[in-house]
Amino acid sequence: MREIGVGLIGYGLGGRAFHAPYVRSTPGMTLRAVVSRDPAKVHADLPEMRVAPDVAALLAEPDIDLVVVSSPDELHAEHALAGIRAGKHVLIDKPFATTLADARAVAAEGEAKGVVVTAFQNRRWDADFRTLQALISAGTLGEIVQFE
């Protein structure tokens, strides 16, 4: 299996607490570079990490296959579209986009370029979701007719 090189856009709470640790702990994925306005913050956690000065520099790196967008919400669509146009697969933190038009544009561009574009949704791994999944699988709750 070929290793997936990952570039992370943003090292705020989402990038620092979720994306960087998840990528680093996933076999077959390597976090290769991070875009951050504060390289010292990245290097405090990841001393050897390349810190790209901006999104364009990160996207120009040929060893990055997947871009994780964890920038401020209002930049998600812009950064996702830049990643797609650079031929990268894109995972976008919540919210996927701030407008329906932007979400549609990102989805259409990803489809046109033939890259995977998806939203980050890790809640299915939280304890309450896992407990509910186990209860349903075991039949403890009986037949589920509707779930909201």
Side-chain angles (χ1 to χ4, degrees), residues 1-134 136-137 144 146-148:
M1 180 172 108
R2 189 172 88 70
E3 188 173 84
I4 299 168
V6 180
L8 173 58
I9 300 173
Y11 201 71
L13 176 64
R16 186 179 69 255
F18 297 104
H19 300 295
Y22 290 169
V23 170
R24 294 184 76 225
S25 67
T26 301
M29 297 180 91
T30 300
L31 184 59
R32 297 219 165 109
V34 176
V35 175
S36 175
R37 292 180 299 212
D38 188 355
K41 184 166 66 170
V42 176
H43 289 140
D45 297 333
L46 310 166
E48 303 301 318
M49 185 58 54
R50 287 189 319 223
V51 177
D54 54 42
V55 173
L58 178 90
L59 297 176
E61 296 193 22
D63 63 345
I64 293 179
D65 309 295
L66 167 66
V67 174
V68 176
V69 176
S70 188
S71 52
D73 296 352
E74 63 276 7
L75 298 173
H76 284 190
E78 175 185 329
H79 291 160
L81 287 167
I84 293 164
R85 290 173 182 149
K88 313 293 186 186
H89 302 287
V90 178
L91 181 142
I92 307 167
D93 205 347
K94 301 177 299 296
F96 186 82
T98 56
T99 68
L100 179 58
D102 282 348
R104 286 181 171 156
V106 169
E109 188 83 13
E111 187 172 330
K113 289 286 190 178
V115 297
V116 174
V117 177
T118 191
F120 176 72
Q121 175 51 282
N122 69 326
R123 303 310 306 214
R124 67 184 178 271
W125 304 114
D126 286 358
D128 53 346
F129 284 89
R130 293 179 62 133
T131 300
L132 182 58
Q133 188 177 41
I136 291 170
S137 293
I144 305 297
Q146 183 175 346
F147 176 78
E148 186 173 324

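Small disclaimer: the values here were computed from a predicted structure and weren't measured. Residue numbers run from 1 in the order of the sequence given.
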Visitor: Nearest 0.5 Å please: distance from the CG atom of Leu81 over to the CG atom of Leu75.
Guide: 12.0 Å

Visitor: In Å and rounded to the nearest 0.5 Å, what is the OH to NE2 distance from Tyr11 to His43?
Guide: 10.0 Å

Visitor: Treating Asp65 as the side-chain partner and Gly5 as the backbone partner, does any N or O pair qualify as donor plus acceptor under 3.5 Å?
Guide: yes

Visitor: Would you name the heavy atoms of Leu59 and Ala86 that are closest together and state the gap between them?
Guide: CB-CB, 3.9 Å

Visitor: Which distance, rounded to the nearest 0.5 Å, do you find between the CG of Leu58 and the NZ of Lys88?
Guide: 7.5 Å

Visitor: Between Pro21 and Ala17, what is the shortest heavy-atom contact and its length?
Guide: CG-O, 3.6 Å

Visitor: State, to 0.1 Å, how close Ser70 and Gly14 come at their nearest heavy-atom pair, and which atoms those are.
Guide: OG-C, 3.6 Å

Visitor: Hey, what do you get for CE (Met29) to CG (Leu31), rounding to the nearest 0.5 Å?
Guide: 9.0 Å

Visitor: Between Ile136 and Ile144, what is the shortest heavy-atom contact and its length?
Guide: CG1-CG1, 4.2 Å

Visitor: Check the surroundings of atom CD in Glu74: do more than 12 heavy atoms from other residues, nucleotides or ligands lie under 6.0 Å from it?
Guide: yes

Visitor: In Å and rounded to the nearest 0.5 Å, what is the CD to CD1 distance from Glu109 to Ile84?
Guide: 6.0 Å

Visitor: Hey, are Arg24 and Asp45 close enough for a salt bridge, meaning a charged N less than 4.0 Å from a carboxylate O?
Guide: no

Visitor: Can you tell if the side chain of Arg50 reaches within under 4.5 Å of the side chain of Asp63, non-hydrogen atoms only?
Guide: yes

Visitor: Judged by atom type as modelled, is there a donor-acceptor pair below 3.5 Å linking the side chain of His76 to the main-chain atoms of Ile92?
Guide: no

Visitor: Where is the tightest heavy-atom contact between Ala103 and Ala97, given as atom of each residue plus distance?
Guide: N-CB, 3.6 Å

Visitor: Looking at side-chain heavy atoms only, is the closest gap between His79 and Val35 below 4.5 Å?
Guide: no

Visitor: Using a strict threshold of under 4.0 Å (side-chain N to carboxylate O), is an ion pair present between Glu3 and Arg32?
Guide: yes

Visitor: CG/Leu66 to OG1/Thr30 distance, rounded to the nearest 0.5 angstrom?
Guide: 11.5 Å

Visitor: Taking all non-hydrogen atoms of both residues into account, name the closest pair between Phe120 and Lys94 and its distance.
Guide: O-CG, 3.4 Å

